[in-house]
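Just so it is clear: chains get the letters A, B, ... in the order the sequence lines come, proteins before strands, and each one is counted from 1. In what follows, every heavy atom counts, from backbone to side chain, and hydrogens, waters and symmetry copies are set aside.
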Amino acid sequence: MNITELTVHELKDKLASKELTVSEITKAYVDRINEKESEVGAFVTTYCDEAISKAKEIEEKVNSGEIKGELAGIPIGIKDNINVKGAKTTCSSKMLENFVSPYDATVTEKLNAENLINLGKLNMDEFAMGGSTEHSAFHNTQNPWNLNCVPGGSSGGSAAAVAAGMVPWALGSDTGGSIRQPASFCGVVGLKPTYGLVSRYGLVAFASSLDQIGPITKDVEDCAMLLNIITGHDEKDTTSENIEKVDYTKVLKNDVKGLRIGVPKEFYAEGINEEVKAKLEEAIAKYKELGAEVEEFSLDVAKYSLASYYIIACAEASSNLGRFDGIRYGYRTENYTNLRELFRNSRSEGFGEEVKRRIMLGTYVLSSGYYDAYYKKAQQVRTLVRSEFNKAFEKYDVIITPTSPVVAFETGSKSNNPLEMYLADICTVSVNIAGLPGISIPCGVDSNGMPVGMQIIGNRFEESTILNAAYTYEQATKFRDNYKPEFKGGAE
Amino acid sequence: MKVSKEEVMHIAKLANLNLRDEEIDKFTTNLEDILNFADIVNNAPVEGLTESFGVNENYNVFRKDEIKVFEDNEALLQNAPEKDRNMFKIPKVIQ
């Protein structure tokens with residue numbers, strides 16, 4: 001039995017039947033990290049020794065009956081923009097290279113309450129700005145399916161670590177596709193919850209009206225399990241909704257008969273790679289075969305959403321990142337004679353190029369003279385996008401699109417053209433703009449063996465519907481039984 | 001949409017960033033490209049639509065204005081680039 005190839009629900013069953021112990025599981029993951037991390041580079045910080053001693057401690061407490069809970073002792077990886085008390089939260093930025101979090105994020109408290117074991121903090125694009133993890137200030141992360149390719153981003157470390165079997169599951173964050181797109185590139189499952197379902201307290205803010213934390217997992221059942229842990233109202237996040245908790249593992253019915261699926265034709269038009277399109281068409285045909293009702297319709301919001309996303313996200317980022325001034329925490333320049341120089345030089349030396357570009361863009365669209373033409377218009381577009389989705393969900397239960405117009409590309413191939421990189425977010429951003437839930441699941445591989453992702457979008461707080469739709473497709477097609485990352489390419 | 005070097009320098013000042021000459025050139029081009037693309041929001045059929053500031057229904061979330069003491073001062077101060085006793089140290093502000 002290869003422990004690191006098992007899903008979390010399989011690990012859970014084997015713990016319950018005493019076929020495996022907590023220490024054996026943690027040890028297997030630590031060994032896997034030692035074997036693969038030099039090739040993949042998924043982590044910013046690993047906690048291997050700590051994880052092994054934590055596993056012993058939890059194992060003893062489970063044996064003595066002191067702690068119960070069927071997930072006690074399961075390891076996890078956490079994106080490096082989510083606070084874990086006493087651990088570094090770097091956001092993959094020189095600005096926060098030495099920042100040690102004085103408190104736990106709400107999601108971290110929830111993981112701790114289940115006695116999960118933190119294997120490490122995962123690499124990302126600096127401050128979650130990017131779609132390739134090439135904007136990490138520390139190192140690139142490579143795609144386990146082809147080591148010459150990017151894992152996507154910004155949660156590239158999380159997706160690559162799950163795909164490589166270095167963690168059984170992970171948390172990511174998604175502002176414009178940062179969970180779904182890397183999940184798609186790495187052939188794993190990634191869910192961005194409805195805005196307000198998961199507390200953002202302790203997540204380093206990028207664009208507060210768009211950010212959500214969510215699971216990246218090997219399969220849909222694991223996704224439902226991890227979502228169960230992290231949801232819930234939190235008084236520390238005023239945008240978290242006070243709604244009844246759902247057990248998402250109970251909604252996986254393996255049945256889509258009568259499910260109304262909308263296929264928005266604009267999301268399959270220009271710019272979508274032909275092989276990606278073909279895989280999506282196969283997946284949609286599979287849904288028909290499984291008894292769903294599929295209809296093509298027009299949802300002409302993608303381009304407006306993308307433009308409005310880059311205006312709103314950068315505007316909010318320019319404001320959120322104003323707090324980095326070299327005073328209370330974060331990088332401080334050595335080169336200053338007064339306070340103004342201290343601010344400017346600390347920020348200029350501490351932030352990387354992509355972060356500066358977005359701060360500049362955000363400051364521009366908020367500045368006097370341009371506010372009405374850009375920011376105000378973008379907020380109106382937001383209303384338009386929400387209302388178009390509302391109309392669509394009167395007719396359909398879910399909407400299916402590609403997660404990304406392309407599969408994982410070669411490292412370095414797009415890094416000189418920011419606009420081209422931004423345009424690749426076309427399929428995912430409207431979901432954030434409208435605050436909807438979206439899941440990406442693998443739906444095959446292209447002719448080079450690279451995974452293709454399908455995005456299933458639901459109405460607000462309809463995680464149950466998209467999880468069941470994803471689960472039913474997954475059970476019918478069994479991607480994980482047919483394809484595995486092969487760590488092709490790389491340094492040889 | 002044309003973006004000038006002077007505008008980029010003005011925006012950098014507002015954002016508290018020092019840009020090197022080559023960064024100014026690069027960002028001038030980048031901003032122009034991105035803003036030209038983003039300009040399509042001005043063609044969107046949004047006439048008469050209100051602005052959305054988020055996706056939650058608009059309501060205020062109130063709580064009591066209570067002081068809560070964060071006990072672990074040391075954990076907060078350990079991240080300070082420069083400190084003096086239990087205070088953050090900054091350069092002299094009043095000349």
Side-chain angles (χ1 to χ4, degrees), chain A residues 85 98-100 102-103 195-196 209 235 238-239 241 303-304 307-308 310-311 318 322 325-332 336-339 342-345 347-348 351 353 356-357 359-361 363-365 367 373-374 376-384 386-387 418-419 422-423 434-435 460, chain B residues 1 3 7-8 10-20 23 26-27 30-31 33-57 59-63 70 72-83 88-93 95:
Chain A
K85 189 176 177 177
N98 299 310
F99 178 78
V100 177
Y103 68 96
Y195 186 81
S209 79
E235 62 173 19
T238 57
T239 62
E241 296 277 353
K303 271 194 180 158
Y304 297 135
S308 109
Y310 275 98
I311 294 168
S318 73
D325 56 8
I327 303 288
R328 290 147 300 152
Y329 53 85
Y331 176 84
R332 179 184 283 198
Y336 65 92
T337 53
N338 59 45
L339 195 59
L342 167 63
F343 292 158
R344 289 231 169 113
N345 294 345
R347 289 167 62 78
S348 306
F351 290 136
E353 181 181 312
K356 285 187 211 171
R357 182 159 35 240
I359 292 174
M360 290 289 292
L361 188 62
T363 309
Y364 185 96
V365 297
S367 67
Y374 291 105
K376 193 176 166 193
K377 269 278 152 46
Q379 300 284 46
Q380 285 179 301
V381 166
R382 199 162 189 187
T383 308
L384 172 75
R386 289 172 65 191
S387 99
L419 181 60
Y422 294 179
L423 294 177
R460 277 173 65 72
Chain B
M1 187 78 220
V3 178
E7 266 181 306
V8 168
H10 170 65
I11 296 294
K13 201 174 153 195
L14 292 177
N16 266 325
L17 291 170
N18 289 327
L19 299 183
R20 296 186 304 273
E23 282 181 311
K26 198 172 193 178
F27 285 170
N30 291 162
L31 253 58
D33 285 352
I34 297 163
L35 290 166
N36 276 329
F37 165 72
D39 208 39
I40 59 170
V41 294
N42 285 303
N43 304 328
V46 295
E47 190 136 319
L49 292 182
T50 53
E51 297 152 58
S52 292
F53 292 96
V55 292
N56 300 63
E57 297 310 316
Y59 58 79
N60 288 316
V61 180
F62 294 106
R63 59 172 169 77
F70 187 88
D72 201 353
N73 256 352
E74 229 164 87
L76 289 179
L77 280 160
Q78 71 168 336
N79 286 308
E82 214 181 335
K83 61 195 163 190
F88 299 111
K89 198 169 173 188
I90 61 167
K92 194 170 160 190
V93 182
Q95 301 299 329

Q.
Looking only at the side chains, is there a donor atom on one of R347(A) and N16(B) sitting less than 3.5 Å from an acceptor on the other?
A.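 Checked: R347(A)/N16(B) side chains show no N/O donor-acceptor pair below 3.5 Å.
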**Q.** Residue pair F351(A) / K356(A): nearest heavy atoms and the distance that separates them
**A.**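 Heavy atoms only, the tightest pair is O-CE, 3.1 Å.
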Q. Heavy-atom distance under 4.5 Å to chain B: side chain of F99(A), backbone, both or neither?
A.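 For F99(A), the contact with chain B is made by backbone and side chain together.
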Q.
Heavy-atom cut-off 4.5 Å, strictly under: side chain, backbone, both or neither for D325(A) against chain B?
A.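 D325(A) has no heavy atom closer than 4.5 Å to chain B.
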Q.
Looking at E235(A) and R63(B), is there a salt bridge between them, counting it only when a charged N and a carboxylate O are closer than 4.0 Å?
A.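 Between E235(A) and R63(B) there is no salt bridge, as every charged N stays at least 4.0 Å from the carboxylate O atoms.
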Winner by heavy-atom pair count (cut-off under 4.5 Å) against chain B, out of [options]:
options: T238(A), I359(A), I327(A); value: I327(A)
options: Y329(A), Y374(A), Y310(A); value: Y374(A)
options: G196(A), A373(A), G322(A), S318(A); value: A373(A)
options: I311(A), T383(A), T363(A); value: T383(A)

So which part of [X] gets closer than 4.5 Å to some heavy atom of chain A, the side chain, the backbone, both or neither?
X: E47(B); answer: neither
X: L77(B); answer: neither
X: E74(B); answer: neither

(Q) More than 12 heavy atoms of other residues, nucleotides or ligands under 6.0 Å from NZ of K83(B): yes or no? (A)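 Enclosed.
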Q.
So, using ring pair (Phe, Tyr, Trp, His ring centres under 6.0 Å) as the criterion, who are the partners of Y195(A) when residues are at least two apart?
A.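 Per chain and number, Y195(A) pairs via ring pair (Phe, Tyr, Trp, His ring centres under 6.0 Å) with no residue.
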Q: Using the test ring pair (Phe, Tyr, Trp, His ring centres under 6.0 Å), find all partners of Y364(A) that sit at least two apart in sequence or belong to another chain.
A: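 Applying ring pair (Phe, Tyr, Trp, His ring centres under 6.0 Å) to Y364(A) gives Y370(A).
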Under a 4.5 Å cutoff for heavy-atom pairs, which residue among [options] has the most contacts with chain A?
options: A12(B), A75(B), P91(B); result: P91(B)
options: I11(B), L76(B), L14(B); result: I11(B)
options: I90(B), N18(B), L49(B); result: N18(B)
options: V3(B), L31(B), D39(B), L35(B); result: L35(B)

**Q.** Flag, side chain of K376(A) to backbone of E51(B), donor-acceptor distance under 3.5 Å
**A.**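 Absent.
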**Q.** Atom pair NZ/OH of K377(A) and Y304(A) - distance to nearest 0.5 Å
**A.**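 Reported to 0.5 Å precision, the distance equals 11.5 Å.
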**Q.** CZ on R382(A) to OG1 on T50(B), rounded to 0.5 Å
**A.**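 Going from OG1 on T50(B) over to CZ on R382(A), the span is 12.0 Å.
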